[in-house]
Chemist: 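Got a structure here, written out as structure tokens. Questions coming.
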Amino acid sequence: MSAQDRTLDHYQELMTINATSHVLRTGRELGLFEALIEGQKTIEVLAERTGCPESRLTLLLRSLISVGIIEKYEDDYAISSVARLLCQYDADLGDAVWQNASTALKSDSQSSADTKVPQSRFDSIAATQWVHTPAAMQAAEILDFGPTPGEEGTDAGEGEGTVMSSDDSGPQTLLDLGCGSAVWSCAAAHRDPQLSVTLVDHPGALEAAMATANSIELGDRFESIEGDALTAELPEGQFDHVLIAQRLNSYSPDQIRLMLQRATSAVKSGGRVIVIDSFEGPNRPSLAESIEALRIGIETEGGAVPELKEAQERMKEAGLESIQFTFIAASRVGLGLMTGIKP
């Protein structure tokens, strides 16, 4: 393929991505998704509900079927399971965030430990954490949760496949600090039948987290502490592991230091602090990684995707040792896993 052909293919790909977002937005604005959430409907019923002629509405429906948002069964149209989640949690397709992009990017406000991250940021993460289930299962394996001892890990940055094992093979405790819907800690508990988990977050997230745990029959090993991850009162030196997943990148540097200090205080001597988030690696970021970094910059005042060295230094400043890192190969958005041991 010539360079010109590659350019044309890339241009067409970008145009298709842009068109797809408009197709989804059009379906929402016409009330098409809302109608189909009620149940399967024929083209005649949908045309009446949306106010569109059947011939024109059929064109839109075909595009939505190609995207995987709508399914067709003989004469009936139905919303897909993915679209049902989309409509439930992200009905505006992220428009509220992206419409504010130019204004947010011009902002040069100073952030501190007092800067409030919009709750909508964490709500959005919690609502979509289910997409990280394969990555969470892989992370639990890398972290060597479970009864089978693993091999010793390697130093930070040595790549994928690293096993970050803990020394104690007996019953373990894990604090999920800012748990969201608890996909990451549920994966650990699923792999380790002796692991007990304490969740920390606001009431809505705790409800979602317990629903996740109960859905895989693990709820009896989960308890919760209601409150903000930055300020909730935590037991000191009680947990074998403290997990901070998809949280730190939304915070200002001062807030990150505070979170890591709280995690280090809560973990036992010899225990692990585990951070799962986006990290800036040596390779060119994918489109998904670049968009996530941009979204963090738009939605937060002080959040950012850190370079690996910077993230490692923060762990050391919190008093942690034996820092290890690996990217999670199963992650669709390039999430990575960093751990440190409390002396």
Side-chain angles (χ1 to χ4, degrees), residues 1-30 32-33 36 43 52 55-72 77-87 89-106 124-125 127-136 138 159-161 246 249 277-299 303-308 326-336:
M1 181 182 292
S2 67
Q4 182 177 1
D5 287 339
R6 284 194 296 271
T7 299
L8 292 173
D9 284 347
H10 185 52
Y11 172 80
Q12 183 60 47
E13 180 183 357
L14 291 175
M15 291 294 288
T16 300
I17 291 171
N18 183 53
T20 299
S21 68
H22 285 286
V23 166
L24 293 171
R25 189 172 296 111
T26 300
R28 177 181 61 81
E29 291 174 351
L30 289 172
L32 189 58
F33 301 154
L36 289 174
I43 185 65
C52 296
S55 59
R56 289 182 173 273
L57 184 58
T58 298
L59 297 175
L60 177 62
L61 289 168
R62 286 175 180 169
S63 296
L64 289 167
I65 290 170
S66 297
V67 175
I69 296 298
I70 287 178
E71 298 167 347
K72 187 177 182 183
Y77 292 89
I79 198 162
S80 69
S81 56
V82 171
R84 193 171 294 277
L85 287 165
L86 173 69
C87 296
Y89 297 121
D90 200 13
D92 70 345
L93 304 175
D95 282 353
V97 173
W98 296 111
Q99 287 177 355
N100 189 47
S102 57
T103 301
L105 290 172
K106 292 178 181 178
S124 176
I125 292 172
T128 57
Q129 271 188 335
W130 59 274
V131 305
H132 299 297
T133 299
Q138 186 175 65
E160 300 171 0
Q246 294 182 272
N249 289 2
D277 227 319
S278 300
F279 297 87
E280 187 175 322
N283 299 322
R284 179 179 177 179
S286 67
L287 176 59
E289 292 167 347
S290 297
I291 288 176
E292 175 60 15
L294 176 58
R295 182 162 185 162
I296 290 171
I298 292 169
E299 286 190 286
V305 176
E307 294 183 354
L308 290 176
T326 184
F327 281 108
I328 304 172
S331 170
R332 293 178 172 86
V333 293
L335 294 176

Chemist: Mind checking the CD1-CD1 spacing from Ile79 to Ile70? Nearest 0.5 Å is all I need.
Modeler: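 Reported to 0.5 Å precision, the distance equals 6.5 Å.
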Chemist: Do Ser331 side-chain atoms and Ile328 backbone N/O form a donor-acceptor pair below 3.5 Å?
Modeler: no
Chemist: Can you confirm whether Tyr77 sits close enough to Leu57 that some side-chain heavy atom of one is under 4.5 Å from a side-chain heavy atom of the other?
Modeler: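 SC-SC contact between Tyr77 and Leu57 ruled out.
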Chemist: Any side-chain heavy-atom pair from Leu30 and Leu60 closer than 4.5 angstrom?
Modeler: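 Side-chain contact under 4.5 Å: yes.
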Chemist: For Ser278, is there any backbone N or O sitting under 3.5 Å from a side-chain donor or acceptor partner on Asn249?
Modeler: yes
Chemist: Tell me if a side-chain donor or acceptor on Glu307 pairs with a main-chain N or O of Glu280 at a distance below 3.5 Å.
Modeler: no
Chemist: Is there a side-chain contact between Lys72 and Leu61 (heavy atoms, below 4.5 Å)?
Modeler: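 The answer is no, as the side chains (C-beta and beyond) never meet within the 4.5 Å cut-off.
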Chemist: So, Glu29 side chain and Thr26 main chain: donor-acceptor pair closer than 3.5 Å or not?
Modeler: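 Such a contact is absent between Glu29 side chain and Thr26 backbone.
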Chemist: How many angstroms lie between OG in Ser63 and NE2 in His22, if you round to the nearest 0.5 Å?
Modeler: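 Taking OG in Ser63 and NE2 in His22, the distance rounds to 13.5 Å.
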Chemist: How long is the gap from NE2 on His132 to CD on Gln246, to the nearest 0.5 Å?
Modeler: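 The distance works out to 4.0 Å.
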Chemist: Using modelled atom types and a 3.5 Å cut-off, is there a donor and acceptor pairing between side-chain atoms of Ser66 and backbone atoms of Arg62?
Modeler: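 Indeed, once roles are kept as given, a pair shorter than 3.5 Å links the two residues.
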Chemist: If you define the side chain from C-beta out and look only at heavy atoms, does anything of Leu64 sit under 4.5 Å from Leu24?
Modeler: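 Of all side-chain heavy-atom pairs linking Leu24 with Leu64, at least one is under 4.5 Å.
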Chemist: Does any non-hydrogen side-chain atom of Asp277 lie less than 4.5 Å from one of Val305?
Modeler: no
Chemist: Is the closest side-chain heavy-atom distance between Glu71 and Ile65 below 4.5 Å?
Modeler: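 No. Closest side-chain heavy atoms not under 4.5 Å.
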Chemist: Heavy-atom distance under 4.5 Å between the side chains of Phe327 and Asn283, does that happen here?
Modeler: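 They are not in side-chain contact.
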Chemist: Counting only heavy atoms from other residues, nucleotides and ligands, does the tally under 6.0 Å from CD of Gln4 exceed 12?
Modeler: no
Chemist: Before you tell me yes or no, could you show the steps for Leu287 and Ile17 under side-chain contact (heavy atoms from CB on, under 4.5 Å), namely the whole-Å CA-CA distance, both residues' side-chain angles and the distance that decides it to 0.1 Å?
Modeler: CA-CA 11 Å; Leu287 176 59; Ile17 291 171; 4.2 Å; yes
Chemist: Using modelled atom types only, decide if a donor and an acceptor are shared between the side chain of Gln138 and the backbone of Ala329 within a distance under 3.5 Å.
Modeler: yes
Chemist: Has Arg28 got a side-chain atom pairing as donor or acceptor with Phe33's backbone, closer than 3.5 angstrom?
Modeler: no
